[in-house]
Each structure stands twice: as structure tokens, then as C-alpha cells.
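Structure first, then comments.
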Amino acid sequence: MLDRFLPVWIGGAMLLGLLLGRWVSGLGEAVAAVEVDGISLPIAIGLLVMMYPVLAKVRYDRLDSVTGDRRLLVASLVLNWIVGPALMFALAWLLLPDLPEYRTGLIIVGLARCIAMVIIWNDLACGDREAAAVLVALNSVFQVVMFAVLGWFYLSVLPGWLGLEQTTIDASPWQIAKSVLIFLGIPLLAGYLTRGIGERVKGRAWYEDSFLPRLGPWALYGLLFTVVILFALQGEQITSQPWDVARIALPLLIYFAVMWGGGFALGAVLGLGYERTTTLAFTAAGNNFELAIAVAIATFGVTSGQALAGVIGPLIEVPVLVALVYLSLTLRRRFATPSEPPREAQRDA
């Protein structure tokens, strides 16, 4: 029932968050105030609870089959670090030329590649868990190295070349590495240790047939909790500035659709099979909103338009990527698994 009515639960969580943020005075400020070293503790707890069960499902002894797939790795790097930032830059300038704060916030969102929610979108769409773990880890390393560099390029250098308005961001390598260590490192280590200890003590059959089914629903509980908190934090701003939200939402909608569609089409052309094609598409479409929001707040302030644009990112991403999960599952029947023999061979056998 939890899986079957997922859109209902997420829609209810979004509505609950909006109502709480709008009607409970001071709730947003209270939630935002509960942070550790600039990281929102409630959101961090929700994301960690969400990611841990999915990463506990990964068969870590099969990761070598992913690391050897150069087509998948190269395709992911190109989509995430060349296509994604360039697309968001173009959309932000084309659709928000008169709103420099929102425009800058969206460009920052485009630079922050996803390391958290993509894990659960991929799992819900029946993507390749091992491939998702490898791609998220790979893009996390690139994020630590490239985020500040690309921020400088897309906010200062490229606009200068084009005769556009220039700006800068304040993003230290430690700030980015800290986001990666918390939101990927902790649940990844926990998932790895859980599987290793569980299989050693009880065996793989018990682990996958008995333990994982009991652990699995907690991923969706964490997702729903995170959605409520996100919407509660900005409930008043969203309902009081609907036109601004709509202006920010339009380039985000186009961005998610193009990145997911491009990733899915590229995976199909490369013959990656359904599971890895789905993983490629979702890792290309998702964004690390925690990092984007933290950078926007550190550089421009908590009440800035840049920070609001960063917050709107996941609020649009959640319903859009839920819809893309169902689209992926609908397209699944068009794929044959890479190991499946041709139909002629099946008939001969």
C-alpha cells in the first residue's frame, strides 16, 4: 500500500508542510534554527533515514561490474558536469533576465549535483542500485573538485565574455566535502556495514528475504518527513509569493525534463539496458539542494532571492521526479535486459 499510493503520500506531505509553514507561527524559523555547523538537523535526519535502507540493499560485491562500464561512467560525467550546468545557465538567463537574484540561485542549483534523493528515485524506478552507488560516489568526488571552479566560470567568467552581469559565490572545498561526507558518506558506510555484518552472521538469503523487507519502508518514511520539513520551511513564502515561485519553477521544470529525457535517451542509444539507463537519467536530473541552499545563504544571506531559488529547487524536483519514476516504469517494457538473448535464440532453445 505504501508503494502503490506513493503520489498520494507525497502530495499529502507537501500539503501538510505548506499548511504547517503557513499556519503555525514561527515554525519555519524554529526548524531552520535547529542546525549544526550550517546544516539543518531535521533535513539531515530525514535524508539519512531515507538513504540508509536503499544503500543497505546495494550488493557491494558487484560494484566492479559497474566500474568497468566506461560508457556509463563517461556518460554520467558528461551529463552532470558539462550538459547540466550549461543548460541551467542558459535557462536562467533566457527565462529570468530581469531577476538577477533568482537567476544566480538557479545557476548554483545547476552546479550542485545530486548525492541524496537520487538514490531513492532510482530505487523506486527499479534502477540499478550498484550503478547508482558508484555514479553518486563518482559525481561526489567531482563535486568537491569542480563546484567552486564551475561557479566561478558560470557566474563570473562566462557572463563577462558575453557582456552580461557578473557575480561570485563563497564556496570552500571543505564546505562541499562536508556535505558529501554527511549526506553520502554516513549512509553509505552504514549500508555497507549492515550488509557485511548481516550476511556474515545470518547469510544472504536471510538478509535479503527477511531483514531488507522490514528495513525498506523506512526509506519512504524518511522521504515523506523530509518533504514535510522542506515545505514547512518555506510555506509562508511560497503561498505569499506565488508569481515568483512560478517564475522560478518554469526553468526548473524544463531543466528536469531535458536532463532526465536526455539521460534516458542516451542510455537507450548506448544500449545500457533499462536499469542502468534509468540510473543514468535520474543521476543527471537530480540536484544537491542542501549544498546549493548552504552556498546561497553563506554568500547572499538567508532572506536573499538566491536562497529562495535554492529552496524552490527541491520543492519542484520532488513532484516532477515522482512523475518521472512512473514514466520510467511505463517505459520499462520497451527494454530487454542486457543479458537477455535475442528472441530467435530463445525460440531455438
Side-chain angles (χ1 to χ4, degrees), residues 1-57 112 114-125 132 136 179-191 194 212-239 282 286-294 310-325:
M1 183 177 294
L2 185 65
D3 293 338
R4 187 177 301 118
F5 295 100
L6 179 63
V8 177
W9 312 138
I10 291 182
M14 293 164 60
L15 179 60
L16 176 61
L18 285 174
L19 294 177
L20 289 173
R22 181 71 177 181
W23 290 347
V24 180
S25 178
L27 177 64
E29 292 80 0
V31 172
V34 184
E35 62 179 36
V36 178
D37 198 16
I39 296 175
S40 170
L41 190 57
I43 291 178
I45 292 173
L47 289 175
L48 293 176
V49 171
M50 177 188 75
M51 292 179 66
Y52 164 62
V54 181
L55 289 171
K57 296 177 182 178
C114 192
I115 62 173
M117 281 197 170
V118 65
I119 296 290
I120 196 166
W121 303 137
N122 176 76
D123 202 55
L124 290 171
V136 166
S179 174
V180 171
L181 288 172
I182 292 174
F183 295 114
L184 176 61
I186 292 175
L188 184 62
L189 178 61
T194 300
L212 287 182
R214 292 197 296 268
L215 181 66
W218 283 94
L220 294 183
Y221 300 153
L223 172 64
L224 296 176
F225 175 79
T226 304
V227 170
V228 171
I229 296 299
L230 284 171
F231 278 75
L233 279 171
Q234 296 295 328
E236 186 171 353
Q237 280 189 292
I238 293 169
T239 54
F282 280 101
N287 293 91
N288 183 356
F289 61 85
E290 265 293 320
L291 175 60
I293 294 170
V311 170
I312 297 301
L315 306 190
I316 303 300
E317 177 180 341
V318 168
V320 170
L321 291 191
V322 168
L324 292 175
V325 165

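- Taking NZ of K57 as the reference point, atom OG1 of T194 lies at 13.0 Å (rounded to 0.5 Å).
- In terms of heavy-atom proximity, I10 sits nearest to V227 at O-CG1, 4.3 Å.
- Considering every non-hydrogen atom in both A219 and V54, the closest pair reads CB-CG2, 3.9 Å.
- Looking only at side-chain heavy atoms (C-beta outward), L15 and L19 come within less than 4.5 Å of each other.
- When all heavy atoms are compared, the tightest approach of L220 to L124 is CD2-CD2, 3.9 Å.
- Distance check: L55 CG to M50 CE gives 9.5 Å after rounding to the nearest 0.5 Å.
- The CD1 atom of I229 sits 10.5 Å away from the CG atom of L41 when rounded to the nearest 0.5 Å.
- Closest non-hydrogen pair, L215 versus Y52, comes out as CD1-CE2, 3.7 Å.
- Using a 4.5 Å heavy-atom threshold, the side chains of V325 and L321 count as separate.
- At a threshold of 4.5 Å between non-hydrogen side-chain atoms, the residues V318 and W121 count as touching.
- In this structure, F225 and P42 approach most closely via the heavy-atom pair CE2-O, 3.3 Å.
- Taking 4.5 Å as the limit, every side-chain heavy atom of P314 sits out of range of all side-chain heavy atoms of M117.
- Taken from CG in L48 to CD1 in I43, the straight-line distance is 11.5 Å, to the nearest 0.5 Å.
- Counting only heavy atoms from C-beta outward, the side chains of L181 and I186 never approach each other to under 4.5 Å.
- What you find for C114 and N287 is that their closest heavy atoms are CB-N, 3.3 Å.
- The distance from atom CD1 of I119 to atom CE of M51, rounded to the nearest 0.5 Å, is 5.0 Å.
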